[in-house]
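Since the structure comes first, as structure tokens, the remarks are kept for the end.
Atoms within each ligand, like the ligands themselves, are counted from 1 in listed order.
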Amino acid sequence: MNNDNPGFDTLAVRSGQQRTAELEHSEAIFATSSFVFENAAQAAARFAGDEPGNIYSRFTNPTTQAFERRLAAMEGGEACVATASGMAAIMSLCVALLKSGDHIVSSRSVFGTTTTLFDKYLPRFGIQTSFVGMNDLDGWKRAIQGNTRLLFLETPSNPLTEIADIRVLADLAHENDCLLVVDNCFCTPALQRPLEFGADLVVHSATKYLDGQGRIVGGAVVGPEQLVAEEIFGVIRTTGPSLSPFNAWVALKGLETLSLRMQAHSQQALQVARFLVDHPAVEQVYYPGLQSHPQHRLAQSQQHGFGGVVSFVVSGGRASAWRAIDATRILSITANLGDVKTTITHPATTTHGRVSDELKRQVGISEGLIRVAVGLEDLDDIIDDLSRGLDG
Ligand SMILES: *Cc1c(COP(=O)(O)O)cnc(C)c1O
């Protein structure tokens with residue numbers, strides 16, 4: 001690019017592309033597992049690391065690299081490495097940066113499978129995790145030990161949209177020689193760039209808003225060259241959770257419309273949240289864009305929009321929640337989010353179904369809670385669809 005300091009949307013549309021000799025306008029998909037060498041000496045030089053270039057698509061692939069360069073530019077990070085899924089991103093960074101005897105402090109309000117990784121699998125390799133309330137700063141402080149290496153969180157949290165103060169937790173991490181990792185799935189770099197607030201690493205599930213149309217599973221880690229391009233990349237090229245070129249291409253093209261989609265998701269979600277606040281069958285609404293949200297100001301200071309996820313509690317517990325969900329005709333009953341299609345789910349029996357009753361109480365997942373990831377259908381149709389079950 002010629003422009004010295006392109007804006008966010010220009011980066012989203014233009015950065016990372018390297019045209020081939022065919023001068024294709026749109027980015028090409030390099031559907032190839034390996035790459036050929038001019039001669040045996042070049043092969044040797046590539047393998048020895050003396051000459052840059054592609055060898056094999058478990059290591060690098062031009063389409064995947066285009067996605068990585070673009071996402072790094074959008075997050076304001078030095079480097080990005082793509083992974084086969086969001087969980088592969090989190091697993092790879094743990095394998096790369098931790099060893100037996102190390103300790104993680106994690107927000108209690110993280111993606112369920114992340115909790116399972118921290119709670120069930122990492123302890124087999126001698127890595128323990130303490131879970132704390134996301135906004136309990138004293139809790140974070142108390143949980144940090146001499147062997148703590150990572151602080152981990154998601155903001156806004158799923159499903160209750162609590163907001164963490166990234167700068168405060170980044171400072172806490174650095175005072176204790178730890179890294180702060182932020183899962184930026186809900187906001188994406190279009191709405192929030194955690195590295196600007198001092199986070200060390202950002203992880204993504206590209207499955208969600210980066211693709212944005214529910215077509216692929218993918219993930220990524222963004223951060224400093226040394227951590228990402230060397231340590232985490234080293235684990236990925238060795239252990240194999242690399243992103244396929246086709247999936248990388250879908251996510252790459254998704255980034256081009258990310259900003260517009262995130263603004264549209266945010267606008268629609270705010271209208272849905274306001275409708276729910278006024279509805280007599282609804283006891284409580286969780287959406288950071290509402291003035292009544294306890295961290296509305298913090299969300300305003302750290303985000304450029306409030307995102308597409310709205311959660312709410314209906315009176316009458318599980319029976320009422322299921323009735324409202326089953327009365328929808330347009331909304332998709334599915335646990336995924338980050339799609340142009342609106343999705344609706346009952347966290348207590350799906351995403352958090354395996355979580356103990358005690359933990360559900362601690363994180364505030366009640367039987368009347370419904371989570372909606374507001375899509376881009378006509379707003380009136382979304383609201384009509386929700387009304388049917390709530391009014392009845
Ligand atoms: C979905 C999700 C993940 C895991 O991503 P996959 O692509 O499903 O592996 C991690 N974090 C958050 C916040 C998610 O929503």
message: Please report whether ligand 1 has a polar contact with T207, defined as an N or O pair separated by less than 3.5 Å (distance criterion only).
response: yes

task: May I have the step-by-step check of ring-ring contact (aromatic ring centres under 6.0 Å, His included) for H296 and F306, ending in yes or no?
output: CA-CA 9 Å; H296 176 64; F306 301 105; 5.4 Å; yes

- prompt: Between D102 (side chain) and K99 (backbone), is there a donor-acceptor pair under 3.5 Å?
  reply: yes

query: Does atom CD of E24 have more than 12 heavy-atom neighbours, drawn from other residues, nucleotides or ligands, at distances under 6.0 Å?
result: yes

query: Is any N or O atom of M87, backbone or side chain, closer than 3.5 Å to an N or O atom of ligand 1?
result: yes

- prompt: Is the count of non-hydrogen atoms from other residues, nucleotides or ligands lying under 6.0 Å from R215 atom CZ greater than 12?
  reply: yes

field: More than 12 heavy atoms of other groups within 6.0 Å of K341 NZ
entry: no

query: Applying a strict 4.0 Å limit to heavy atoms, is D183 in contact with ligand 1?
result: yes

- prompt: Going by heavy atoms, is G218 under 4.0 Å from ligand 1?
  reply: yes

- prompt: What protein heavy atom is closest to atom 8 (O) of ligand 1, reported as residue, atom name and distance in Å?
  reply: S205 OG, 4.2 Å

message: Applying salt bridge (charged side-chain N to carboxylate O under 4.0 Å, His left out) to R193 and E75, what does each step give before you reach the verdict?
response: CA-CA 6 Å; R193 287 183 283 283; E75 285 285 4; over 6 Å; no

- prompt: Ignoring hydrogens and geometry, is there a side-chain-to-backbone donor-acceptor pair from N61 to P245 under 3.5 Å?
  reply: no

- line: atom 4 (C) of ligand 1 sits nearest the protein heavy atom F111 CE2, 3.4 Å

- line: Counting from 1 in the order shown, the ligand 1 atoms closer than 4.0 Å to a non-hydrogen atom of K208 are 1 (C), 2 (C), 3 (C), 14 (C), 15 (O)

statement: Per-atom filter on ligand 1: closer than 4.0 angstrom to a heavy atom of E154 are 13 (C)

field: Sub-3.5 Å N/O-N/O distance, G86 and ligand 1
entry: yes

